[in-house]
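For reference, the structure discussed in these notes is given below.
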2 protein chains.
Amino acid sequence: MEEILPTFDSAFSIDCLIFGFDAGELKILLIERNEEPFKDWLALPGYFVKQDESLDDAADRILYELTGLRDLPMKQFHTFGEVNRHPQGRVITVGYYALIRINGQKELRPISPYARKAIWRSVNDLPKLAFDHSEIFRKGFGIIRKRLNYQPLAFDLLPEKFTLTQLQGLYEAILNKKLDKRNFRKKMLSYGFLKELVEKQKGVSYRAAKLYKFDRRKYLKIFQSEMTA
Amino acid sequence: MEEILPTFDSAFSIDCLIFGFDAGELKILLIERNEEPFKDWLALPGYFVKQDESLDDAADRILYELTGLRDLPMKQFHTFGEVNRHPQGRVITVGYYALIRINGQKELRPISPYARKAIWRSVNDLPKLAFDHSEIFRKGFGIIRKRLNYQPLAFDLLPEKFTLTQLQGLYEAILNKKLDKRNFRKKMLSYGFLKELVEKQKGVSYRAAKLYKFDRRKYLKIFQSEMTA
DNA sequence: ATATAAGGTGTGAAAATTACACCATTAAAT
DNA sequence: ATTTAATGGTGTAATTTTCACACCTTATAT
C-alpha cells in the first residue's frame, strides 16, 4: 500500500483496531495486503492521512476504503513514532479503535486496491502482522481492557438485544478470566441501565433467556450525575 | 517559532504539559514566545519533530531547548490533528506530560531563541494560550486528573521527603476538592508504600510533622501482584 | 503562660464485594 | 411419555471498603 510514498520526507498515517464479538470469541479486523512492502501479509487497516483532512476524518475514510465499513465511532488511543517503524521512510501513525457488532454488519468489501480482502481473526490466534502492527495491537488491546472496567464498551459489540449470559461471555473474552454468574448479573442489573424486554431468546434447544437492551440515555444520566457530584 | 516552516507540506510537533506544585498551588510551565506567529504570547513548550528522532526523543530535546529541563519522564497523552490548528500550515502535534518537583529544579533557561523565557503559572490563572494550546491543556489536565486515582503521580510533584498534609494538599489541588484528613491519611498509609522517616519537618512555627518517602519498589511490588492476580 | 497553628488519632454506619449451590425450563433424543 | 442435555435464573452471609465526623497534642512565638 505504500509503494509510492508521498513526496515529502515524512508522513502521518492512521491504523485502526476494529474489534468484534462472534461465537463467543473476540475478533479483530485485518486486511490482506496487496502491495509491497509486506505484500500478502495481514495488517491492521491503515493508510496515509491527507493534507486537508483531520485525523478523525482520515480514520473514517481510511477504514471505509480498506474494509467498506463506515462512520464507526472510532477513538484515538496512542501515536507511534519510532524512526524505523516503516521500511520506506518516516511515518508516524495514530492508532484508533472501535468496537462494533459483527452480525448485521454489511459485507466487508475493500474499495481500495491496497487491500485484497478484509477478514475477522480471533485475538487469540493472531499471526505476526505487517510493520509494527503486532505492537500496535498489543498496546491498544491493553488500553481497551482497562477501559472496559469503567466505560460501556461491551454493548457496542453485542446485538441490540442480548442475554446476560452473552454479556458475561463478552466480558470474560475481553478480560480473559471467568466471572461469577450471580455476582455479574447482580452488579450489571444494579447499575440500572439495562432495560429488560418482554421478548425472549429464540431458536435455542434449552430454556430461552430474557433479552435486554442497553439504555444509553439512562447510562448517561447516571454517569453525568457522578461526574458533577 | 514557526517563521520558517519545514519544506514539506505538513509537519509533526510536540507540545509539553509540565506540571509542578509550589506554595499549595498546581502550576504549569509556559514559555513566552519570541517569534511570530503568536509572538509575545504564552504557549506550551513545543516545537517540530526532526526527521530522524522518535517522538519520545523529540519531546526530551524540545523541552530542553525551550526550558532547560532535561530527561523528564514524559508520557504521551493525545494527538491533535485538526486541519487548521496551526496558522501556517498543516501541523499535527503530539501532547506529552510530566509531573516534576519545582523546588531544587535548576534554573529555567531557554536555549532556543524561540522562547524568551520559561515561567510557572498557576493552573487556576491561565491566560489564553497561543495556537490551540488552551485546548491541549484542558484535555491533558483532564486525563491527568483521572490518572491520579490509580497511578502514583503525586509523588513526582513533591520533594523527596514530604508530610501527609502536603500530600493531601496536592491531591486537593489536582482534584479541586477538599478531602477528609483522617480518611485520607488512613487510606494512604494502608497502601503500605509510604516509608515513615525518623526525621521531622523543620523551620515551622508549630508542631513539626513526620516526614515520609514514597517507596517505589514497594509500590511496584503491590501493583504488579495485583496485575497478575 | 498563653496564644496560635497545624499534627495526629478512632469508631460506627453504610455500601460494595466476594464466595458459594441448587432448582427450573426448554427442546431434542429415545 | 420419559429422559437427557444444556443453560436460565435466583439469595444470603461474611468480609472489605468507604464515609462521616471532633478533639486533644505539640511546637513555636510572644
Side-chain angles (χ1 to χ4, degrees), chain A residues 21-25 146 148-150 152 158-159 161-173 175 177-213 219 222-223 225-229, chain B residues 21 23-25 146 148-150 158-159 161-173 175-213 222-223 225-229:
Chain A
F21 185 61
D22 187 34
E25 278 200 314
K146 282 181 196 154
L148 183 70
N149 289 313
Y150 46 92
L158 292 173
K161 302 169 183 182
F162 53 85
T163 69
L164 290 178
T165 300
Q166 287 169 342
L167 184 61
Q168 182 176 345
L170 173 53
Y171 270 77
E172 289 177 343
L175 300 176
K177 65 177 176 193
K178 295 292 286 178
L179 301 172
D180 178 85
K181 183 161 70 161
R182 276 175 295 188
N183 291 338
F184 180 82
R185 295 162 96 94
K186 202 192 319 173
K187 186 157 182 188
M188 273 298 155
L189 293 172
S190 77
Y191 289 134
F193 53 60
L194 291 186
K195 191 171 172 183
E196 184 179 325
L197 304 179
V198 184
E199 205 177 337
K200 295 201 169 172
Q201 212 177 11
K202 272 171 194 158
V204 289
S205 76
Y206 46 80
R207 176 174 174 184
K210 278 182 205 158
L211 290 170
Y212 291 82
K213 259 188 178 173
Y219 169 79
I222 295 162
F223 187 70
S225 64
E226 264 182 22
M227 290 280 96
T228 52
Chain B
F21 184 60
E25 277 200 314
K146 281 181 198 157
L148 184 70
N149 289 315
Y150 46 92
L158 293 173
K161 301 169 183 182
F162 52 85
T163 69
L164 291 178
T165 300
Q166 286 169 343
L167 183 62
Q168 182 176 344
L170 173 54
Y171 269 78
E172 289 177 341
L175 300 176
N176 201 26
K177 65 177 175 192
K178 294 292 286 178
L179 301 173
D180 178 85
K181 183 162 66 160
R182 279 175 293 187
N183 291 337
F184 180 82
R185 296 162 95 94
K186 203 189 324 172
K187 186 156 182 188
M188 273 298 155
L189 293 174
S190 77
Y191 289 133
F193 53 59
L194 292 185
K195 189 172 173 181
E196 185 179 326
L197 304 179
V198 184
E199 205 178 337
K200 295 203 168 171
Q201 213 176 11
K202 271 172 196 157
V204 290
S205 73
Y206 46 80
R207 176 176 175 184
K210 279 181 205 157
L211 289 170
Y212 291 82
K213 258 189 180 171
I222 295 162
F223 187 69
S225 65
E226 266 183 21
M227 291 279 97
T228 53

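All values below were derived from every heavy atom in this structure, side-chain atoms included, with hydrogens, water molecules and symmetry-related copies excluded. Numbers restart at 1 for each chain; the letters A, B, ... are given by sequence-line order, proteins then strands.
For B:F184, the side chain to side chain contact (heavy atoms under 4.5 Å, CB included) partners at least two apart in sequence or on another chain are B:L167, B:Q168, B:Y171, B:L179, B:M188. Qualifying side chain to side chain contact (heavy atoms under 4.5 Å, CB included) partners for B:S205, counting only residues two or more places apart in sequence or in other chains: none. Listed by chain and number, the residues in a side chain to side chain contact (heavy atoms under 4.5 Å, CB included) with A:K186 are A:N183 (sequence neighbours excluded).
The separation between A:K187 atom NZ and C:dA15 atom P is 16 Å, rounded to whole Å. Per the geometry, NZ belonging to A:K178 stands 15 Å off P belonging to C:dC20, to the nearest Å. The distance from atom CZ of B:F184 to atom P of D:dA20 is 16 Å, rounded to the nearest whole Å. Atom pair A:Q166:CD and D:dT7:C1' shows a separation of 12 Å (rounding to whole Å applied). B:Q168 places its CD atom 12 Å from the C1' atom of C:dA6, with the value rounded to the nearest Å. With rounding to whole Å, A:L211 atom CG is found 12 Å from D:dG8 atom C1'.
Residue contacts for B:T165: at a heavy-atom cut-off of 4.0 Å it reaches the sugar-phosphate backbone alone, with no base atom in range.
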Give the intermediate values and the outcome of side-chain contact (heavy atoms from CB on, under 4.5 Å) for residues B:L164 and B:Y212. CA-CA 7 Å; B:L164 291 178; B:Y212 291 82; 3.6 Å; yes

Between the protein and nucleotides 10-14 of chain D, which nitrogen or oxygen pairs are less than 3.5 angstrom apart?
from: D:dT12; atom 1: O4; to: A:K186; atom 2: NZ; distance (Å): 3.0

Shorter than 3.5 Å, N or O on both sides, protein versus nucleotides 23-30 of chain C: list them out with atom names.
from: C:dA24; atom 1: N3; to: A:R207; atom 2: NH1; distance (Å): 3.3
from: C:dA27; atom 1: O4'; to: A:S205; atom 2: O; distance (Å): 3.3

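Between the side chain of B:Q166 and the main chain of B:T163, a donor-acceptor pair closer than 3.5 Å is present.
The shortest non-hydrogen separation linking B:F21 to B:G169 is CZ-C, 4.0 Å.
Considering OG1 of B:T165 and NZ of B:K210, their distance stands at 12.0 Å, rounded to 0.5 Å.
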Side-chain donor/acceptor pairs under 3.5 Å, residues 194-203 of chain B, sequence neighbours excluded:
from: B:E199; atom 1: OE1; to: B:K161; atom 2: NZ; distance (Å): 2.7
from: B:Q201; atom 1: OE1; to: B:A209; atom 2: N; distance (Å): 3.0

